[in-house]
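Below is one structure, written out as structure tokens; the observations come after it.
Atom set for the values below is all heavy atoms of this structure, side chains included, hydrogens, waters and symmetry mates excluded. One-based numbering, in listed order, for ligands and for the atoms of each.
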Amino acid sequence: MDSILRIAIQTKGRLNEDSMALLTETGIKLVASSRRLISPAKNFPLEALFLRDDDIPQCVADGVADIGIVGKNEVAEQQQMVEIIKHLGFSKCRLSLAIPKDDEYAGLEWFSGKKIATSYPRILKEFLAANNINADIHFIAGSVEIAPGIGLSDAIFDIVSSGSTLVSNRLKEVHNIMDSEAVIVATPNLSKEKQAILDELIFRIEAVEKGRGKKYILLNAPNDKLDQIIKVLPGMTSPTIMPLAKSGWSSLHSVINESEFWEVIGNLKKNGAEGILVIPIEKMIL
Ligand code: AMP
């Protein structure tokens, strides 16, 4: 039987949306909606298994799924035997300690003897031990940020992204313990066949990543201005130049970074470029 790579994806929430968008960008189409537990892909030897994010590290470690997309925070908390094989750069957040906003804070000693509510007790316990802080850890599965307000704890250790949840609960972030983002984890000892499918998947993801933030640019220019124009055009290797039907003119094609976009366009116009077209790049294979 042909091998199929099984990928665990979060059932709902921001990791689900970003993971599904990534699969779509790699050209992989799943048969059914994310409401079903398992969806096979139509055009790639892969099937998606939809799980709660805190179940993903264990399912991958046990080999129920071969790989999974999950937050690095969950991988650190669950301490399962999985290997992080790729950082994906989305669903970025940090795990931080936060205290009531009006409390004075002079340093980590503040937490000695205090009660800290969190959904990440293992990460917190290790951090406190490494810093010789004796505090009481109170586990709550969700809505951690309301704990100090209802008298359940003195402080919290939780996920922070923009920080607005902390502000609306009259808390302030005082110490960042770890940064997190979505990662791909894999079960140890994948079979050769599954490893080959995973390699192809990673190859496609990297092609999508390389295309991000890049634009394809086409422009027309008189031949005597080409040298100057090439100097202001930071291309992948060197630009493509093709003659136009209009004599003495050429069409020039290249790739530019979105971050340098307006500066490059300004310089191109100054140097005599005309008819500038800018096109998004979906994927880039170098
Ligand atoms: P914010 O108000 O933007 O700081 O977001 C805080 C809340 O959003 C946290 O309490 C989390 O429940 C959730 N959150 C933010 N970023 C992430 C993420 N990358 N993964 C999972 N949950 C997140």
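Only the side chain of Asp158 comes within contact range of ligand 1, with a heavy atom under 4.0 Å; no backbone atom does. Using a 4.0 Å cut-off between heavy atoms, Glu181 makes no contact with ligand 1 at all.
The protein non-hydrogen atom at the shortest distance from atom 8 (O) of ligand 1 is Arg14 NH2, 3.4 Å. When only non-hydrogen protein atoms are considered, atom 19 (N) of ligand 1 lies nearest to Ser91 O, 3.0 Å. Thr165 OG1, 3.4 Å is the protein heavy atom nearest to atom 6 (C) of ligand 1. Closest protein heavy atom to atom 18 (C) of ligand 1: Cys93 SG, 3.8 Å. Looking only at heavy atoms of the protein, atom 21 (C) of ligand 1 is closest to Ile159 CD1, 3.8 Å.
With hydrophobic clusters built from ILVMFWY side chains whose heavy atoms lie under 4.5 angstrom apart, Val70 does not share a cluster with Met178.
Between Gly163 and ligand 1, an N or O atom pair is found at a separation short of 3.5 Å.
Judged by distance alone, the side chains of Asn223 and Ser250 do bring a donor and an acceptor atom under 3.5 Å apart. Glu173 and Ser96 are linked by a side-chain donor-acceptor pair at a separation below 3.5 angstrom, with hydrogens and angles left out of the test. Side-chain N/O atoms of Asp199 and Gln195 include a donor and acceptor closer than 3.5 Å. Side-chain atoms of Gln228 and Asn271 form a donor-acceptor pair, as typed in the model, at a separation below 3.5 Å.
Near Ser161, meaning under 4.0 Å from any of its heavy atoms, are these atoms of ligand 1: 1 (P), 3 (O), 4 (O), 5 (O), 15 (C), 16 (N).
At a distance under 4.0 Å, no protein heavy atom can be found next to atom 12 (O) of ligand 1.
Relative ring orientation between Phe111 and Tyr105 is described as perpendicular, the plane-to-plane angle rising above 60° on a 0-90° scale split at 30° and 60°.
Ser91 pairs with exactly one of Asp18, Asn73, Asp53 by the side chain to side chain donor-acceptor pair (under 3.5 Å) rule, that one being Asp18.
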